[in-house]
Structure formats: structure tokens, C-alpha cells
Visitor: 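Handing you a structure now.
Reminder, nothing fancy here: chain letters follow the sequence lines and each chain counts from 1. The shown structure was predicted, so the numbers you read here are calculated from the model rather than taken from an experiment.
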Amino acid sequence: MSKLVIIDGNSIAYRAFFALPLLSNSSGLHTNAVYGFTTMLLKLLDEQKPTHFLVAFDAGKATFRHKDYADYKGGRAKTPPELSEQFPLLRELITAFGISQFELDGYEADDIIGTLTRVADEKGDIEVVVVTGDKDMLQLASEQVTIALTRKGISEVELYDPPYIMEKYGLTPKQIIDLKGLMGDTSDNIPGIPGVGEKTALKLLHEYESVEGVLANTDQLKGKMKEKIVEHADDARMSKGLATIYREVPLTSTWDDLTYSGYEGQALADMFRKLEFKSLLEKMDFSGPDSPDGDRPAQAEIATVAVDRERLPDLLEALPQVDALHVEVVGDNPHTGYVLGIALAASGTCYYVPFEVLSDASADAEALRTWIASSDKTLAVYDQHRAEVALCWQGIRLCGTSFDVLLAAYLLDPTESALTLNGLSTKYGLPVLKADEDVFGKGAKFQVPAAEVVCDHLCRKVTAVQSLLEPMKRDLETGEMHRLFYELELPLASVLASMEEKGIKVDVDGLKQYGVELAGQLDTIMRSIYDAAGMEFNINSPKQLGDLLFEKLQLPVIKKTKTGYSTDAEVLEKLEPYHPVVGHILNYRTLAKLQSTYVEGLLKEVREDTGKVHTYFKQTIAATGRLSSQYPNLQNIPIRLEEGRKIRKVFVPSQPGWSILTADYSQIELRVLAHISQDERLMEAFRNDMDIHTKTAMDVFGVPESDVDANMRRQAKAVNFGIVYGISDYGLSQNLNITRKEAAAFIEQYFAVFQGVRQYMDDIVKKARQDGYVTTLLHRRRYLPEITASNFNLRSFAERTAMNTPIQGSAADIIKLAMVQMDERLKRDGFNSRMLLQVHDELVFEVPEDEIEPMKKAVKDIMETALELDVPLRADVDTGSNWYEAK
DNA sequence: TTTTTCACG
DNA sequence: ACGTACGTGAAAAAG
């Protein structure tokens, strides 16, 4: 059976335009309506799988309806220019999708659609879906024709067939015309009968079936309504006529003209590139079933060799020509995942080596592994860090990679969310690649396909890596980030891999014991809560908790979330005086968090074989250049509150007699700020090694050191935090629990004293507006397209980011430098000590007894001299028998 | 999958 | 009048 999808082009374009914020691409062209339309098309192709497809447009001239009624569609606001300019793009887009489109002078899209659905009704054996935002179209519904009406924006449609229309309105599709005849339509300037709205019209139609039926039975009506109907009988008849869709348009095209046979991936990708639909470019599979294979670019010519034991010698011979490698790791966590296989690209030929072959005991396989581990080769990869980690658990070393396209892509745009290989291929105009998800499936549906499919996919991937090398190298140089790449990020990838491989030992028994302790305390608190509340409920559920606090106990609502009442700690603290249960809940929350995340969560991550946790540092996530940590996250282990801090006691050295050594930068962000802003007072404070918060309090309040009390220091500290984050009076007022006015006065006072800082803040925002990006000390870059937004919130956010990123990002640069240098020093000086963790401004090591003193010295020295600033850097070092003791 | 909450720097 | 402090990851509930 054929299936025809018809889109009411103007209607959907309008919907999309008003539903989405006014996006625009880099040349200032608005694209929101085109974007919305695109998502709609993709959804329809996916869900409806049409065999025939048409987009119908209104011809922009007077239609026959205007001859009958001059005011038709009068009073309608003119199409905004921001939308008009998108129609040519829209036409192009539809062509790129391979979808037919037309319009006809003197007719509206409605009439074209009405005619086509009539033809379909008569022809039979065709299913039709009409997509529109216009309820009038419901009159076209039939056994074969379904109307898809957009609901809230354009993200969802509601399907109307005759039974559903009957259920919802109690009307047949034909009666929709009568409905409009009675009630009119302001948007089309159709009068109807004044005073008759939807409710009255429906009642009348249920009784008398049609406009004619109502007019013939006016004697049965009474009151004001009767008067109005009698008076406006002609209006009703005319309105019905206007609302009737004309279904006899002289169409010249044939059924076959509407045939839809899929889009051509490259053309569509080109169109998306032009429109700068980055997310779609990365998400979409342009080689998918909609794209005929014949149109694939030249990549199909590349020779692939599935390497088995017999063919290994051929590969070994080709190794000198190999310049790209891809290691396919299955699973999110490379420490627990497995290696499916590797692909190598030489000149003109790609080799796929399944893991069984790579790990074989033969001399040939051994030779291949030796080559992978050799450092004297040049090799491009995608995600060296991940590959190195996954291979190390298989006893295979990966060395000598000279380029990593993932790391390069991250430096070129660290805010890009999914830096997938197929996304990069698309961005650089390379042949289309399948998304991993489409090859393997995702989540529970993950399945390794046939070997030939894997071979083909991985060979395409490694070819992409090979082709990305040169253009990305150039882009790094253009951005002056080649040193950042080659001297910092690339070496760091291997440093991280070796830190993770070593892992950190966990005292499992101690952790379990703490869990038991917590369980006891939680049980007690839970009872007090049930007792105080007078009922049992799930304390972990914000919804149930909200019901208790704000419905049952009638406590004042402080803050709402988009789904209900907020019950976060800030709210609960304000509610504490009202009811004893609140304090218990706060207490419960603290301990429950420790139990679930830090006791149970951590235990799940301890490896049976090593008794250690091996976190995975991600190097390409944070927009500022920081690292992040997963499986488990070891960068958010509690420290602020004593109960939580105890967790740190279970992180212990992996060998008896060794110690944990920690080293953390003192005020690195404010020191960076002092350097970048060249603020005299701030630089002076650090040169004299003063307590920066006390010093700030002295200068802001204008008092000598002896007069700075704890409260003044606390406020000054909050201001310093605010400065680093990109200050706003609102943010500071929230933090200090003061009014916005007071906060603003504080900030003003601060800037009056630290004038260099004010100058920096002003300049950096200006610079961001000018260049479209900001940079760190080592040229790391972050683009801020929203810095010119007209939306206040978006713009303000971008401005704060412009102030914060150079500070946070430069601090990240510095500690990363220290890590690479430290790794070299450990090797050079033959230390047995091991670097284990990085927590943004802190490094954690385990050291043998006899290395404590030299390591203290070495770590401090390297961290303090990693990068020379105009103010000194300071690192504080300590050791202890576990992470808790080393503070 | 999304939302809420909370842990860290 | 607008309504945010910057950057992350994990757990639990609820859709």
C-alpha cells in the first residue's frame, strides 16, 4: 500500500518560526523556521516511511476567495521579514531532501491538499497523512486520510481520523465546515455569528447537524442567541462557503511526480553545513537507508583487508606505510570494556585486525604488538587515551601516537558536545560515515554485527582519521594551539592513562564498616522523621516530601521547580524553624548521599582483582579545559563536612609502609587573575604572600588587618569567588543572603579598590564581542556566540563566561603542565612514587617512606614553577597514612 | 530519558 | 523587567 505525506508548508513554517527562538547562523541569516521544519521532516520520514511526499505552499497572490470576500484574511499581520527570508532556504532544503513541492497561482495550499486527498479517496489503496497546524483541515479526514495537527510548538503532532474527531467534538469531518461557519475564524477574518463560540456552535450542531439545519430551525431557539442567528444568517452561509476547502483544483502533476525515494546524503549534508545545523550534522547518519548507495563518495574504492593469522605477514610488511590507527573499544568505561579489534590505514589499503588475531600467541601477532608499542613512528588516532587504557588491560602497550583527532577537535571547539568521528568527517567535508549507534545499536540493543560489517565500518573510521590529520593540523596552527596540543594535551593523554592504570587502593573493609555505621544512623533518623511527620513515605522522593511539607504541614513555599515544590537544602534551611521534621530531613539527606554515592557507589567500582578504583579522566568534556572524572568520580569526594570527609580515610597507599602525598595550589585562580589583569594591589598581595580574603576585606572595608573580623573575611571571600565566576549582584546577594542593592554596593566598592580587575572584566567582554571567543594563557580557546544575543539572559551568561573561562582555563593549563612535567621528573629521577589523581588544583601521589622528603620538594618545585607568572604560585604539600590524613 | 538534588574545585 | 553565580558526575525518582 502506498503512503502519501502532505505538508501544509506555510502553516508548518509559521508554527516552527513562532515555536523556536530566533536562531541565526554565522552570516546573520535566521534559520529557526528552517530548523523546525527539518526536524519535522526527519521525524515524518522516520515515523511514517512515506512512499510519496509533497510539501504544498500558498501562492503569494490573491486567491479566488478574495473575489468573493474582499476582507478574506484581512487584518492578519504581515509575515515578519525574519520569516520571509527563510522561505527560499526552505525550498532549497526540501529539494535537498528529494521531496516534491508545489504551489498554484490563485489557490492556497489547503485547496491543493483538498484536491489530492479527494483523488486519494476516489482512487483507494492509498493512505494519506496531512501535516498542518490548521484545524480547518480536519474536514478532509476520511477512512484513508488522517490529519496530523501540530500540538504545542511543532515537536508533537496529534493524529485525527474520523472516529477520533467524533470522540473529541462529536462531529463528522464534514461538520467541521459548519462549525467554522457558525463560530467564524478571527485569524482568517471569517465573521461567523457574533456571540457564538466553540461551545455554542458544538451544541447547535449536535442538535441540528449543519448550518442549514440551524437556520431552518431558528423557531426552536430563543433569547439573544436566536436574534443573533437570525440577524447573521447570511454571514453564517458565507462563512461556511469560505471555510470550505476547494477540492477541484486543476492539477497537472501526476501521482508519480510525488514519489519519494529517499534523499542523497551528501546533498543533504551540504545543505545542513550551509545552514550550520551542527547538531544534526553530527547526529545524522547520511549514509542511512534513505540515501541510495550509488551516491556514496569515492571512499567505497578503498581496499579493505580483514586480517586473519594467514594474512598477518602481509600487514607486517605494510606497517611502515601505516599512518593511522583506530582501536574500537566497546563500552563507556575503557577500564571495564573490551577491545573489539583495530583498524590500520596504509596508503590505499585498510586492515582490520580482530582482537583474537591481535592477541594471538604467534610470532606474527607479537611483531604487530611490538610495532604498536614502539615509540619511533608517526601515527594518527582518534582518542589515544581511551585506546591506551583499553589496550593496557589486555597487556598491550600503545605508544608513539603523534596526532589525536579527538583531542584536536576538542581544542578547536571545546563546547562541541559530541565529538564523534562521523561528526568530524561531516564538518571537514569527508565521505559520510555511519554512526556507531547505527552499526552496533545502543544500550540494551548493542550487538556486534557480522565481521564484514565491522571490518568495513572500522576501515572507514580509520580512513577518516587519516584524512582528518592534515586539515586539523592546519586549523590548530591557525588558532596558535599547536604547542598546546603537542606539548601539553597529547603527552597528558598518556600521563592520565598511566595514572588510571595504577589506580588507587581502597580499604574495602573500612568502607563497609562505615556503611554499616551510616545505615544505623539513617535508620534512627528515618524513624524520627516518620514519627514527626505522623506517616511513612519515601524520603528520597522530592515529590512525596513536597506533599508532606507543603500540603499536609502547610509550610510556606519558598521556591518552585518546574514540576512542583523545591525541597533543596537551601529551602529546607529556611523551613527549619517551622517544624522539627525539617531538621531531620536535612540530616537524612546528608547521610543518605554519603551512603548511596560514596559508600555503595564506591564499593561497586572497586575491582575485585586489584582492590583499587581506576577512575577514567575525561580530557575532552569541560568547556574550560579542566578534566572530569568518572567510574567513579574521584574529583568530588567529600571534604567540607567532617562526616563526609571521613570517606577519605579509605583511600590508602597500595603498598605497606607507603604514604599518600597531596599537593594543592593555594588560590591559583586569584593568582591567575592577578597576572592576567595586572592589578597592582592584587599582585602586591600575592607577592607579600598575604591571606587574600583578609587582604580583600581590609581594602574593601578600608580597615587595618587587626579590625577584620570573621564576618568581614567571609564576605570578602564570597566577593572573591564572585569575581572569579564573573560577578553579578544577584549571585552575590544569594550567596551572602543580603539584598541585591547591598551586593551591588559591595561589588562597586571592590572595583573601586581593584581597578585593574575592573579594567580586565570590561576588556575581556569587549574582546569576546570583537573576536567571538576568549583564550587562556596557553591559547586554549572558547567560543561565545551568545555574547551578542539580544536576549538578556543569554548575553549575560556569555559575559560571565568570558570573564571566568580565561581564569579557570588558565589554572587548568597550569596544573596540566605540572602533571606532564611531574611525570617526566618521576621517570628521570627514578622515583618509585606514583601520581594517582588530579582534583583541579590538587595532585595526589603515593610515595614510599624514603621518597617522602625528595618528593615533597620535587612536587612543590614543579607545581610552583610550571608556568612563570608575574605573581608567585604556591603549592602546599602534606603526607599521611591515607587521603584524610594528608590535608 | 529527564528532573532534582548534592558532592567537589 | 529580566532572573543567573563558573565548571563537573552520580544517584534516585518519575515520566
Visitor: Check this for me: A:Arg607, atom CZ, are more than 12 non-hydrogen atoms of other residues, nucleotides or ligands nearer than 6.0 Å?
Guide: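 Atom CZ in A:Arg607 is crowded, with more than 12 foreign heavy atoms closer than 6.0 Å.
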Visitor: What is the distance, to the nearest angstrom, from the CG atom on A:Asp813 to the C1' atom on C:dG7?
Guide: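 Atom CG in A:Asp813 sits about 14 Å away from atom C1' in C:dG7.
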Visitor: Looking at every strand, decide which applies to A:Thr805 at a 4.0 Å heavy-atom threshold: base, sugar-phosphate, or nothing.
Guide: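 No contact at all - A:Thr805 keeps every heavy atom at 4.0 Å or more from the nucleic acid.
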Visitor: What is the distance, to the nearest angstrom, from the CD1 atom on A:Ile747 to the P atom on C:dT4?
Guide: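 So the two atoms are 17 Å apart, to the nearest Å.
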Visitor: Check for me whether A:Arg781 meets the cation-pi criterion with A:Tyr773, that is, NZ or CZ under 6.0 Å from the six-membered ring centre and within 45 degrees of the ring axis.
Guide: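 Yes.
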Visitor: Within the structure shown, what part of the strands sits under 4.0 Å from A:Leu732 by heavy-atom distance: base, sugar-phosphate, or nothing?
Guide: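 If one applies the 4.0 Å heavy-atom cut-off, A:Leu732 turns out to touch a base.
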Visitor: Say you pick atom P in B:dC6 and the same atom in C:dC2; how far apart are they, in whole Å?
Guide: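 Roughly 27 Å separates the two P atoms.
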Visitor: Counting only heavy atoms not in A:Asp763 (residues, nucleotides, ligands), do more than 12 fall under 6.0 Å from its CG?
Guide: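 Enclosed.
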Visitor: If we call it a pair only when both distances are under 3.5 Å in a Watson-Crick or G-U wobble match, what pairs with C:dA1?
Guide: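 Across any shown strand, C:dA1 pairs with none.
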Visitor: Rounded to whole angstroms, how far apart are CD on A:Gln715 and P on C:dA5?
Guide: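 Value for this atom pair: 20 Å.
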Visitor: Given atom CG of A:Asp568 and atom C1' of C:dA5, what is their separation to the nearest angstrom?
Guide: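 Roughly 15 Å, once rounded to whole Å.
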Visitor: Report the residues that fulfil ring-ring contact (aromatic ring centres under 6.0 Å, His included) with A:Phe446, sequence neighbours left out, ordered by chain and then residue number.
Guide: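 Here the qualifying residues are A:Phe440.
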Visitor: Expressed in whole Å, how much space separates the P atoms belonging to B:dA7 and C:dG3?
Guide: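 Pairwise P distance, B:dA7 against C:dG3, rounds to 28 Å.
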Visitor: Got A:Leu867 and A:Asp813 here, is their nearest side-chain heavy-atom distance under 4.5 Å?
Guide: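 No. Closest side-chain heavy atoms not under 4.5 Å.
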Visitor: Establish, for the pair A:Lys717 and A:Phe721, whether the NZ or CZ atom is under 6.0 angstrom from the six-membered ring centre and no further than 45 degrees off its axis.
Guide: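 Because its charged atom misses either the 6.0 Å distance or the 45° angle limit, A:Lys717 does not stack over A:Phe721.
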Visitor: Determine, step by step, whether A:Asp523 and A:Arg527 satisfy the salt bridge (charged side-chain N to carboxylate O under 4.0 Å, His left out) criterion, reporting the C-alpha distance in whole Å, the side-chain angles of both residues, the deciding distance to 0.1 Å, and the verdict.
Guide: CA-CA 6 Å; A:Asp523 194 60; A:Arg527 284 172 210 279; 2.8 Å; yes
Visitor: Mind checking A:Ile621 for me? I need base, sugar-phosphate or nothing, with any heavy atom below 4.0 Å counting as a touch.
Guide: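 Answer is sugar-phosphate: A:Ile621 comes under 4.0 Å of backbone atoms only.
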Visitor: With heavy atoms under 4.0 Å as the rule, sort A:Ala811 into base, sugar-phosphate or nothing.
Guide: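 If one applies the 4.0 Å heavy-atom cut-off, A:Ala811 turns out to touch nothing in the nucleic acid.
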Visitor: Does the aromatic ring of A:Phe797 sit over the six-membered base ring of C:dT4, closer than 5.5 Å centre to centre and tilted less than 30°?
Guide: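 A:Phe797 vs C:dT4: stacking no.
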Visitor: Ring of A:Phe792 versus six-membered ring of C:dC2: centres under 5.5 Å and planes under 30°?
Guide: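 No, aromatic ring not over the base.
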Visitor: Reckon A:Arg782 has a side-chain N or O less than 4.0 Å from the OP1 or OP2 of C:dG7?
Guide: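 Looking at the OP1 and OP2 atoms of C:dG7, one of them is under 4.0 Å from a side-chain N or O of A:Arg782.
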Visitor: Please state whether the rings of A:His335 and A:Tyr616 are parallel, tilted or perpendicular, taking 30° and 60° as the class boundaries.
Guide: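 A:His335 vs A:Tyr616 ring planes: perpendicular.
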Visitor: Of all nucleotides in DNA chain B that come within under 4.0 Å of a heavy atom of chain A, which is furthest toward the 5' end and which toward the 3' end?
Guide: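 On DNA chain B, the outermost contacted nucleotides are B:dT3 to B:dG9.
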Visitor: Report each atom pair, protein N/O against N/O of nucleotides 10-12 of chain C, whose distance is under 3.5 angstrom.
Guide:
unit_1	atom_1	unit_2	atom_2	d
C:dA10	OP1	A:Tyr631	N	3.0

Visitor: In whole angstrom, give the distance that lies between atom CE of A:Met761 and atom P of C:dA5.
Guide: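 Checked: the CE to P distance equals 18 Å.
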Visitor: Between A:Ser628 and A:Ile727, name the one whose nearest nucleotide on DNA chain C is closer to the 5' end.
Guide: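 Counting from the 5' end, the first nearest nucleotide belongs to A:Ile727.
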Visitor: Looking at C:dC6, I'd like to know if its phosphate oxygens (OP1 or OP2) sit under 4.0 Å from a side-chain N or O belonging to A:Arg800.
Guide: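 The answer is yes; a side-chain N or O of A:Arg800 sits under 4.0 Å from OP1 or OP2.
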Visitor: Just call it for A:Lys618: base, sugar-phosphate, or nothing, with non-hydrogen atoms closer than 4.0 Å on any strand.
Guide: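 Since no nucleic acid heavy atom lies under 4.0 Å of A:Lys618, the category is nothing.
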Visitor: With heavy atoms under 4.0 Å as the rule, sort A:Arg589 into base, sugar-phosphate or nothing.
Guide: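 Answer is sugar-phosphate: A:Arg589 comes under 4.0 Å of backbone atoms only.
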Visitor: Looking across every strand, which nucleic acid part, if any, lies under 4.0 Å from A:Ala718 by heavy atom: base, sugar-phosphate, or nothing?
Guide: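 If one applies the 4.0 Å heavy-atom cut-off, A:Ala718 turns out to touch a base.
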Visitor: Report the C-alpha distance between A:Glu742 and A:Thr739 in whole Å, list the side-chain angles of each, state the deciding distance to 0.1 Å, and finish with yes or no for side chain to side chain donor-acceptor pair (under 3.5 Å).
Guide: CA-CA 5 Å; A:Glu742 290 166 328; A:Thr739 68; 3.2 Å; yes
Visitor: Starting at CG of A:Leu837 and ending at P of C:dT8, how long is that distance when rounded to a whole Å?
Guide: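 Result: 20 Å.
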Visitor: Whole-Å distance between C:dT4 P and A:Asp729 CG?
Guide: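 It is 14 Å, rounded to the nearest whole Å.
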Visitor: Do you know which of A:Lys816, A:Glu489, A:Arg386 makes side-chain hydrogen bond (donor to acceptor under 3.5 Å, both in side chains) with A:Gln619?
Guide: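 Testing A:Gln619 for a side-chain hydrogen bond (donor to acceptor under 3.5 Å, both in side chains) against A:Lys816, A:Glu489, A:Arg386 leaves exactly one candidate, A:Glu489.
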Visitor: For A:Ala623, answer base if it contacts any base atom (sugar-phosphate contacts may also be present), sugar-phosphate if it contacts only those atoms, and nothing otherwise; contact means non-hydrogen atoms under 4.0 Å.
Guide: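 If one applies the 4.0 Å heavy-atom cut-off, A:Ala623 turns out to touch the sugar-phosphate alone, with no base involved.
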Visitor: Please determine whether the number of non-hydrogen atoms from other residues, nucleotides or ligands lying under 6.0 Å from atom CD of A:Glu642 exceeds 12.
Guide: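 Correct, the count exceeds 12.
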Visitor: Output the rounded distance in Å from CG (A:Asp547) to P (C:dA13).
Guide: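 Taking atom P of C:dA13 as the reference, CG of A:Asp547 is at 15 Å.
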